[in-house]
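In what follows, a structure is listed as structure tokens, so that the remarks can point back to it.
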Amino acid sequence: MEYEAVIGLEVHVQLNTSTKAFCSCRAEFGMEPNTNVCPVCLGLPGALPVLNRDVLSCAVKVGLALGCSIQKRTKFDRKNYFYPDLPKGYQISQFDMPAALGGEVRIDTPGGDKAIRVKRVHMEEDAGKLMHEDDGSLVDLNRAGVPLLEIVTEPDINSPEEAYAYLTKLKSIVKYLGVSDCDMEKGSLRCDANISLRPKGESRLGTKAELKNMNSFKAVKDALSCEISRQTEILKEGGSVAQETRLWDARQSMTFSMRSKEEAHDYRYFPDPDLTIFLIGDNEIELARAAIPELPQQKAERFIGEFGVSSYEAGILTAEKSDADFAEECFRVFDAADKKPVVNFLIGPLLAEANSRGCGLRGLGITPPGLIELVLLVQKNIISNLVSKSVLKEMIDGKTTAEEIVKTRNLAQISDTSALDGIITRVLAENDKSVQDFRAGKSNAVMFLVGQVMRMSCGKANPKVVKELLERRLSDA
Ligand code: ADP
Ligand code: ZN
Ligand code: MG
């Protein structure tokens, strides 16, 4: 029997508000343990929480950006459980009246565009952090009370690749909104994955396992693939999948059962009597809407229409807002209607340099006019494509301009036929085999000879001119 994977993701995004969700402590951590704390986030008896309105406006922004309907009335509930990093014995979360309901995230799949429905977006507080030492465990409560948004999908995802695409797109959108840096390594984005299998064509859902402890998008993908194999094997043998929480172990590339999955009623959710129902007014929604920048999807569509880039290229260029802004400035500086040379440079050598240095396009320290100067040197055949890549590296390291580097290092392309004639004569003399091949009808042999001329000229010969000269010389004799 063939099985289909059914996946739903629960993503926690840590908000970058200046203060915590329900007290005025700074929402910063990683500093001296237990310094950013007060009676409220320490959970001391009698301390009263007060909602940070910025948290609500972040929730509204994210809800709007995902196409959700913002709930005019929203409520906080206590989610009760015991853990040493949770001194109150409950987490303030939202149960049946979340901030936003019903949106979607569009992803690219091999089968085309697909909408992953977003079930809900709700606000909650983070817990503290346990640090395990040799002689015991320590609790740091600086993170307790830091605001989070939980974004939950419907079970619309059908493969590990789709899960990866969803996470990438969601992260891109949330980063555009500027409400979180979404850095999974720092824990400001966390993802739990729910997965079940069902026979292809069946519409009922199978029993799911919940996967935790993945610390990169790649780990989410790997954990899901691994879980698909595990569940397939169980079902094929006629067994049934247990409803449980499993931990991903990246070192062993395996999931391990942690506990049987708790149900909502295990948490004894009830409305937090210290916090009233919050009303979200139209004016607050409109203010949030006005603060939403052009989002990646719209920007990609505009790049396609305005600059003639392909949808694949637009996707790459708009994933990060700062890259998209940089690309747009480059397009504006480059006068010609056909932006292809610029696009190729941006998603080719420039992005490669940025990736290898772990920064964005702008982080390379090259201005859009500076980059276009380099693109134009290639366009005007003053330097070859090959040479442009080494000029680019020097621009990044040396902080000088492309024209200056080409001048001082004498990199201009040799298109002057008399300067090339000598090299060509030598190459023809030293590569008799290729010359014979060419004359025997193997027209491809000329490319090898072009390569030899390029090598001998240290990449400075103009390959087009070289090819023409070679072909003329070869057919002359
Ligand atoms: P729980 O109460 O166990 O947290 P929810 O209904 O809140 O379950 O759903 C949590 C996540 O699990 C959602 O993203 C949802 O889409 C997904 N999900 C629910 N049922 C299944 C299933 N049978 N298989 C895969 N994912 C599921
Ligand atoms: Zn506090
Ligand atoms: Mg749930």
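Note that these values count all heavy atoms, side chains included, but never hydrogens, waters or copies made by symmetry. Indexing begins at 1, ligand by ligand and atom by atom, following the structure's order.
The shortest distance between side-chain heavy atoms of Gln231 and Ile195 falls below 4.5 Å.
Among residues two or more places apart in sequence or in another chain, the salt bridge (Lys or Arg N to Asp or Glu O under 4.0 Å) test is passed with Asp397 by Arg357.
Atom CG in Asn80 sits 11.5 Å away from atom CG in Asp266 (nearest 0.5 Å).
Across the listed options Asn194, Val152, Thr153, Thr153 owns the non-hydrogen atom lying nearest to atom 15 (C) of ligand 1. For atom 5 (P) of ligand 1, the nearest non-hydrogen atom from the set Lys119, Arg204, Glu10 comes from Lys119. Taking all heavy atoms of Pro155, Ala193, Ala209, Ser196 into account, the minimum distance to atom 22 (C) of ligand 1 is reached by Ser196.
In the vicinity of Glu154, heavy-atom distances shorter than 4.0 Å reach the ligand 1 atoms 16 (O). Counting atoms of ligand 1 from 1 in the listed order, those under 4.0 Å from a heavy atom of Gly8 are 14 (O), 16 (O), 17 (C), 26 (N).
In this structure, Glu210 does not count as a contact residue of ligand 1, since none of its heavy atoms falls inside 4.0 Å of the ligand.
Protein atoms of type N, O or S found under 2.8 Å from the Zn ion (ligand 2) total 4.
When the shell of 6.0 Å around OH of Tyr83 is examined, it contains 12 or fewer heavy atoms from other residues, nucleotides or ligands.
Side-chain atoms of Asp249 and Gln252 include a donor-acceptor pair closer than 3.5 Å. Donor-acceptor pairing under 3.5 Å is recorded for the side chains of Ser188 and Asp181.
Polar contact with ligand 1: absent for Leu205 (N/O pair, distance under 3.5 Å).
With a 4.0 Å cut-off on non-hydrogen atoms, Leu9 touches ligand 1 through its backbone and not its side chain.
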Ring pair (Phe, Tyr, Trp, His ring centres under 6.0 Å) evaluation trace for Phe22 with Phe76: CA-CA 11 Å; Phe22 301 106; Phe76 288 96; 5.3 Å; yes
Please assess Glu244 against Met258 for the test side chain to side chain contact (heavy atoms under 4.5 Å, CB included), listing each intermediate value before the final yes or no. CA-CA 7 Å; Glu244 61 182 355; Met258 178 170 84; over 6 Å; no
Before you tell me yes or no, could you show the steps for Tyr164 and Lys221 under side chain to side chain contact (heavy atoms under 4.5 Å, CB included), namely the whole-Å CA-CA distance, both residues' side-chain angles and the distance that decides it to 0.1 Å? CA-CA 6 Å; Tyr164 190 94; Lys221 195 164 91 173; 3.9 Å; yes
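Between Phe95 and Tyr269, the angle of the ring planes stays under 30°, which puts this pair in the parallel group of the 30/60° scheme.
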